[in-house]
Amino acid sequence: MGRWRHLPIVALALAVIAVHLLTTVAGKPQYLTQLTMAGYYSLVIVGLTLLMGYTGQISLGHAGFFAIGGYTSGLLTTYNLYPRNGQLLVSLLQACGLLLAGKDMYGADLLLVRPWAACGVALLVTIGIAYLVGKPVLKLRGHYLAMATLGFGTIVYKVVLGSSLVGAADGISDIPAFPLFAGLAVTGKSALRTQNYYVAWGLVLGAMALLTNLIRSRVGRALRAIHGAEDAANAMGVDTGRYKLQMFVLSAALAALGGVFLTHYNGGIGPSEASVMKSVRYVAIVAVGGMANLWGALVMGVLLNFLCLRGSFGSYDDAVFGLILLAIMLFAPDGLLRAEFVRRLPGLRRRLPQRRVP
Amino acid sequence: MSLLEVKDLGKRFGGLRAVANVSFTVAAGSIKALIGPNGAGKTTLFNLIFGALTPDSGQVWFDGEQTDGWKPHQVAAAGMARTFQHIRLFPKMSVLENIAVGRHVHSRAGFLSSMFGLPWTRREQRAVREKALEIMRFLGVEGLAEVEATSLAYGQQRIVELGRALACEPKLLLLDEPAAGLNMRETSEMAKLIARIRDTGVTVLLVEHDMTLVMNISDEVLVLSYGEKIADDKPLAIQKHPEVIKVYLGEDDA
């Protein structure tokens, strides 16, 4: 078994290459744009799958973490520090090489935070906020946890919608590209479309490799134990409060990473990314994928986000995701890709092992 | 030498005195039973000892440390393990995985080392698996390793829960009604199993209603009634104790 550990990751890498070739052969290279965006959304989804599906802690606020990441990086890389040049903090940042001087299209001087530094700050800010929010909120369970995280998501949404600093209802635009290394940058320019597709899916591959390792480990077992019977897990020595918080922060950091990259890729971010309906969408995708099914969530996430971004659902995409959530809860609470659901389909019905009662 | 010492432990739920000034000790290497009518405060006492509840008064000393006010995971790390009156196995996990969770306090891989799959974490995983299988062999359930634990028959679930507690390699094992829901044959097997566990050097404190089991395997019996200790003695003496007979059979029959 140990030898085949990496097989799913290798298969995913091959699938990523195959999809690229397929779009080329089919003459639809523009699909790579939506697949790149879907890749970044997948980072939110796989993190949330570990939090919800494996650890059993719902969050209706993950769009908030995505937005905190995206907005922080977007604001830092567009906010002109030139007028404040000479101030202690600005000089300090400049001395550390964190700032980038330039000129805008009218020739005015610009002094901006370098994208990699902005990305780092965005992740740290998100981790800090996730820790502060998670610490009290994760003591709650079930409906109460759902409501508390919903409250957090609403606050983030209303703050970005109401702050002129981050463009209020218009959001932030003209966010610069995020240069990774020579010749490669996270940007929506069509010349770099293929490269950006591989950047996004490289991140997804990395996240999947780390998370599949995690669920097979001692920590993964403890997280599933918390989901199944929290008091019993605690009695077995699992510091349940700490594990839930660590998982919450990890999933928030993944959401923020997706937010940062997608924001630089799109060159902008708006308040809709922080909306509660976005959080509901992520939860719906985790549910469709089968809750405790990392691969199912990834596949369904890419599929649904791709269709949505292609405009297949028209302007009804929020309604579609609401409907999906409703249908899944009613008819396939273990997700579409679960053997139990397939077996329940007419004609395939097989006797399931009955649970024995004393 | 007592492994566990409970001093004047008290707990109220609103106006109800669930446990009132209970003191007792459990000698290392012994089996002590905790009996009493329903609602006597037995499970509350267990929860106080294990840290699932915080006492209003009194102290708990375990293995030389004062553990009252500790969280269950801290108590577990100190060398105590428990089973539950209503079986609390982890659903959607195999028998092997359930027992492997019991190895938590004896392994140390964290989030980062696990995510990067460091070689030592994989070695640790193999060691956890080996130990879990060893415990399954001790309990005679090695054939069930890959079966989903909550799909097992009730009696087998009790054994698996016991195995999960044993995987902690506890100094003190707390069993909350280990024979509840078992038939006569299963109950006598459970009694033998508990005695075997004691023989491996584990101290046992158990709550049980099955008097045959209690009287057969216990070194000492503690009787609770309405949260108060009414007797604490050898099994034979307990059977003759007038107060105990009154509690169990009623005033008129005594």
Side-chain angles (χ1 to χ4, degrees), chain A residues 1-2 5-6 9 50 53-54 56 206-243 245-251 253-254 290-293 334 338 340 352-358, chain B residues 50-52 71-77 80-84 87-93 97-98 100-118 121-122 124-126 128 147-157 161 164-165 167-168 174 180-183:
Chain A
M1 189 183 136
R5 263 176 343 113
H6 301 299
I9 300 295
L50 251 76
Y54 288 86
M208 286 303 280
L210 296 180
L211 296 184
T212 48
N213 273 342
L214 186 66
I215 56 180
R216 270 194 299 255
S217 72
R218 167 180 183 257
V219 175
R221 204 163 49 219
L223 294 175
R224 287 160 67 209
I226 291 171
H227 189 181
E230 193 171 332
D231 53 347
N234 198 212
M236 291 300 117
V238 178
D239 188 345
T240 49
R242 186 161 146 241
Y243 270 57
L245 185 57
Q246 283 182 318
M247 190 59 242
F248 189 74
V249 170
L250 174 62
S251 68
L254 277 169
M291 286 292 187
N293 185 344
D334 287 321
R338 276 292 166 105
E340 287 85 353
L352 292 167
Q354 294 294 314
R355 190 164 293 189
R356 269 167 283 184
V357 222
Chain B
F50 211 88
K71 296 265 166 34
H73 65 265
Q74 296 167 316
V75 175
M80 225 190 274
R82 72 172 293 181
T83 63
F84 293 83
I87 297 176
R88 301 285 284 150
L89 286 174
F90 306 121
K92 296 180 183 170
M93 289 171 76
E97 287 175 312
N98 262 276
V101 175
R103 296 302 294 162
H104 194 84
V105 293
H106 295 286
S107 43
R108 58 192 185 89
F111 269 79
L112 283 178
S113 50
S114 296
M115 282 199 281
F116 289 99
L118 300 181
T121 66
R122 295 212 292 277
E124 187 181 83
Q125 280 281 67
R126 280 196 291 276
V128 164
V147 182
E148 193 177 320
T150 49
S151 73
L152 293 172
Y154 197 80
Q156 285 174 320
Q157 291 196 30
E161 212 195 23
R164 187 177 67 182
C168 301
L174 270 60
L182 302 187
N183 61 33

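Below, chain A is the first sequence line, B the second, and so on; all start at residue 1.
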Go through the atoms of B:V128 and report whether side chain, backbone, both or neither lie under 4.5 Å from a heavy atom of chain A.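 Contact with chain A: side chain only.
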In terms of heavy-atom proximity below 4.5 Å to chain A, should B:L182 be classed as side chain, backbone, both, or neither? neither
Taking all non-hydrogen atoms of both residues into account, name the closest pair between [X] and [Y] and its distance.
{"X": "B:G102", "Y": "A:M236", "answer": "CA-SD, 4.0 Å"}
{"X": "B:F90", "Y": "A:A232", "answer": "CE2-CB, 3.8 Å"}
{"X": "A:Y243", "Y": "B:F111", "answer": "O-CZ, 3.9 Å"}

Which one of A:S217, A:G220, A:A209 has the most heavy-atom pairs closer than 4.5 Å to chain B? A:S217
Please report the interatomic distance OG(B:S113) to CG(A:L214), rounded to the nearest 0.5 Å.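 The OG atom of B:S113 sits 9.5 Å away from the CG atom of A:L214.
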When rounded to the nearest 0.5 angstrom, what is the spacing between CD in B:Q125 and CZ in A:R218?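 Separation between the atoms: 9.5 Å.
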Heavy-atom pair count under 4.5 Å with chain A, highest-scoring of [options]:
{"options": "B:M115, B:R122, B:Q74, B:E124", "result": "B:M115"}
{"options": "B:S107, B:A81, B:A167", "result": "B:S107"}
{"options": "B:R82, B:M80, B:M93", "result": "B:M93"}
{"options": "B:A76, B:P72, B:A52", "result": "B:P72"}
{"options": "B:S114, B:G51, B:G110", "result": "B:S114"}

Could you check whether any side-chain heavy atom of A:N213 comes within less than 4.5 Å of a side-chain heavy atom of B:F116, counting everything from C-beta outward? no
Please name all residues satisfying side-chain contact (heavy atoms from CB on, under 4.5 Å) with B:H73, sequence neighbours left out, ordered by chain then number. A:N234, A:D239, B:K71
With sequence neighbours excluded, tell me which residues meet side-chain contact (heavy atoms from CB on, under 4.5 Å) with A:S251.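 Counting only residues at least two positions away or on another chain, A:S251 forms a side-chain contact (heavy atoms from CB on, under 4.5 Å) with A:L51, A:H62, A:M247.
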For A:D231 and B:R88, what are the C-alpha separation, side-chain angles and deciding distance, and is it a side chain to side chain contact (heavy atoms under 4.5 Å, CB included)? CA-CA 8 Å; A:D231 53 347; B:R88 301 285 284 150; 2.6 Å; yes
Quick one: what part of A:L250 sits under 4.5 Å from any heavy atom of chain B, side chain, backbone, both or neither? side chain
